[in-house]
Chemist: 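Dumping the structure here so I can ask a few things about it.
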Protein chains: 2
Amino acid sequence: MDENCVFCKIVSGQIPSTKIYEDENSLAFLDINPATNGHSLVISKKHYATLLDIPGAELEELILAVQKTGAATMKATKADGFNVLQNNGAVSGQVIHHLHFHIVPRFKNDSLNLSLGGKKAGQAELAEWQKRIKKHLK
Amino acid sequence: MDENCVFCKIVSGQIPSTKIYEDENSLAFLDINPATNGHSLVISKKHYATLLDIPGAELEELILAVQKTGAATMKATKADGFNVLQNNGAVSGQVIHHLHFHIVPRFKNDSLNLSLGGKKAGQAELAEWQKRIKKHLK
């Protein structure tokens, strides 16, 4: 537990939350600033800052909690779809530095725009990034 | 395999891709329309439309591939952070209906905005959604 972490305080009960799912290692609760109805966060009970910090076995459990919560959220909200968004680092939009997955129900004509808006890359550029990334994937 | 699916054709080799990671069940390749340098997609080799369709054991393997690819991407791109975005359903921005996780490296002053821009919800509203979602999480 990180004593200065809002999500750790939610796990310990020092700060209240609207819990929707809980198991041994994971917790899901509603976002207090929902982007759409039913927007929730699924977190690891233990404090890890980002996706790169959590041990694999715990990440496996956490993603199953995301899947379960997503399925229930779809049924409950009658949404047309949903986004799973997981931010790592302040530059990415991460505000609370305790690993969390956003589950954001989506509805026709909601006002949310999560478009990545990419532009077509050339083959040489892609080949260069491929080379650089693969070097770290051995 | 879904014969009309672009990602299934990438898995089978009928359509070329810039692969960066591969294991028995997962594949990662660069997005041809990158939002930022090193933007990749991590997919299940088997065809599942969304996060809700993949069996748990396969999802566990897939998220480990996401974690590995994310770690390598951070090193290779020297990014300041990264987003993991996983869209379910056309309304959410899913274009290829084969389960995939975007890994989007983020850099100070890049032009991407994935803000969820939520507004503070009242306690009664949160309690109502809590009740509805929990009903499907038993």
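Labels below follow one simple rule: chain letters A, B, ... track the order of the sequence lines, proteins then strands, and each chain is numbered from 1. Since we're looking at a predicted model, the values are computed, not measured.
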Chemist: Is it the side chain or the backbone of Lys135(A) that comes within 4.5 Å of chain B heavy atoms, both, or neither?
Modeler: neither
Chemist: Is Ser115(A) in contact with chain B via its backbone, its side chain, both, or neither, using a 4.5 Å heavy-atom distance?
Modeler: backbone
Chemist: Considering only heavy atoms, which portion of Leu112(A) lies under 4.5 Å from any heavy atom of chain B: side chain, backbone, both, or neither?
Modeler: side chain
Chemist: Which one of Gly89(A), Ser40(A), Gly81(A) has the most heavy-atom pairs closer than 4.5 Å to chain B?
Modeler: Gly81(A)
Chemist: Between Phe7(A) and Phe29(A), is the ring centroid distance below 6.0 Å?
Modeler: yes
Chemist: Looking at Ala79(B), Gly38(B), Pro34(B), Ala28(B), which one has more heavy-atom pairs under 4.5 Å with chain A than the rest?
Modeler: Pro34(B)
Chemist: Taking side chain as everything from C-beta outward and backbone as N, CA, C, O, which of these in Gln94(A) sits under 4.5 Å from a heavy atom of chain B? Side chain, backbone, both or neither.
Modeler: neither
Chemist: Under a 4.5 Å heavy-atom cut-off, does chain A meet the side chain of Ser111(B), its backbone, both or neither?
Modeler: neither
Chemist: Measuring heavy-atom distances to chain B, does Val91(A) have an atom under 4.5 Å in its side chain, in its backbone, in both, or in neither?
Modeler: both
Chemist: With a 4.5 angstrom heavy-atom cut-off, which part of Glu61(A) approaches chain B: side chain, backbone, both or neither?
Modeler: neither
Chemist: Taking atom CD of Glu3(A) as the centre, does the number of heavy atoms from other residues, nucleotides or ligands within less than 6.0 Å exceed 12?
Modeler: no
Chemist: Count the heavy-atom pairs under 4.5 Å between each of Lys131(A), Met74(A), Gln130(A), Lys68(A) and chain B, then report the option with the highest count.
Modeler: Gln130(A)
Chemist: Report which part of Thr36(A) has an atom under 4.5 Å of a heavy atom belonging to chain B: side chain, backbone, both, or neither.
Modeler: neither
Chemist: Quick check: Phe107(A) with Phe82(A) (ring centres under 6.0 Å apart)?
Modeler: no
Chemist: So if you build clusters from Ile, Leu, Val, Met, Phe, Trp, Tyr with side-chain heavy-atom gaps below 4.5 Å, do Val6(B) and Tyr48(B) land together?
Modeler: no
Chemist: Any sub-3.5 Å donor-acceptor pair from Lys45(A)'s side-chain atoms to Asp23(A)'s backbone N or O?
Modeler: yes
Chemist: For Leu30(A), which atoms come within 4.5 Å of any heavy atom of chain B: side chain, backbone, both, or neither?
Modeler: side chain
Chemist: Select one option (side chain, backbone, both, neither) describing which atoms of Asp31(A) are under 4.5 Å from chain B's heavy atoms.
Modeler: backbone
Chemist: Please look at Leu62(A) and chain B and tell me whether the side chain, the backbone, both or neither of the residue comes under 4.5 angstrom of a heavy atom of that chain.
Modeler: neither
Chemist: Shorter than 4.5 Å, heavy atoms on both sides: which option in Pro105(B), Ala71(B), Ala90(B) has the most such pairs with chain A?
Modeler: Ala71(B)
Chemist: Under a 4.5 Å cutoff for heavy-atom pairs, which residue among Glu125(A), Lys108(A), Arg132(A), Lys119(A) has the most contacts with chain B?
Modeler: Lys119(A)
Chemist: Between His100(A) and His102(A), is the ring centre distance below 6.0 Å?
Modeler: yes
Chemist: So, Asp80(A) and Arg106(A), do they make that salt bridge, N to O below 4.0 Å?
Modeler: no
Chemist: Checking the side chain of Asn88(B) only, and the main-chain atoms of Thr50(B) only, is there a donor and an acceptor separated by less than 3.5 Å?
Modeler: no
Chemist: Against chain B, work out which of Ile63(A), Ile54(A), Leu51(A), Asn87(A) has the most heavy-atom pairs shorter than 4.5 Å and name it.
Modeler: Ile63(A)
Chemist: Among Ser92(B), Ala57(B), Ala35(B), which residue has the highest count of heavy-atom pairs closer than 4.5 Å to chain A?
Modeler: Ser92(B)
Chemist: Picking from Glu128(A), Lys19(A), His136(A), which has the most non-hydrogen pairs under 4.5 angstrom with chain B?
Modeler: His136(A)
Chemist: Counting distance only, does the side-chain N/O of Thr69(B) pair as donor-acceptor with the main-chain N or O of Val66(B) below 3.5 Å?
Modeler: no
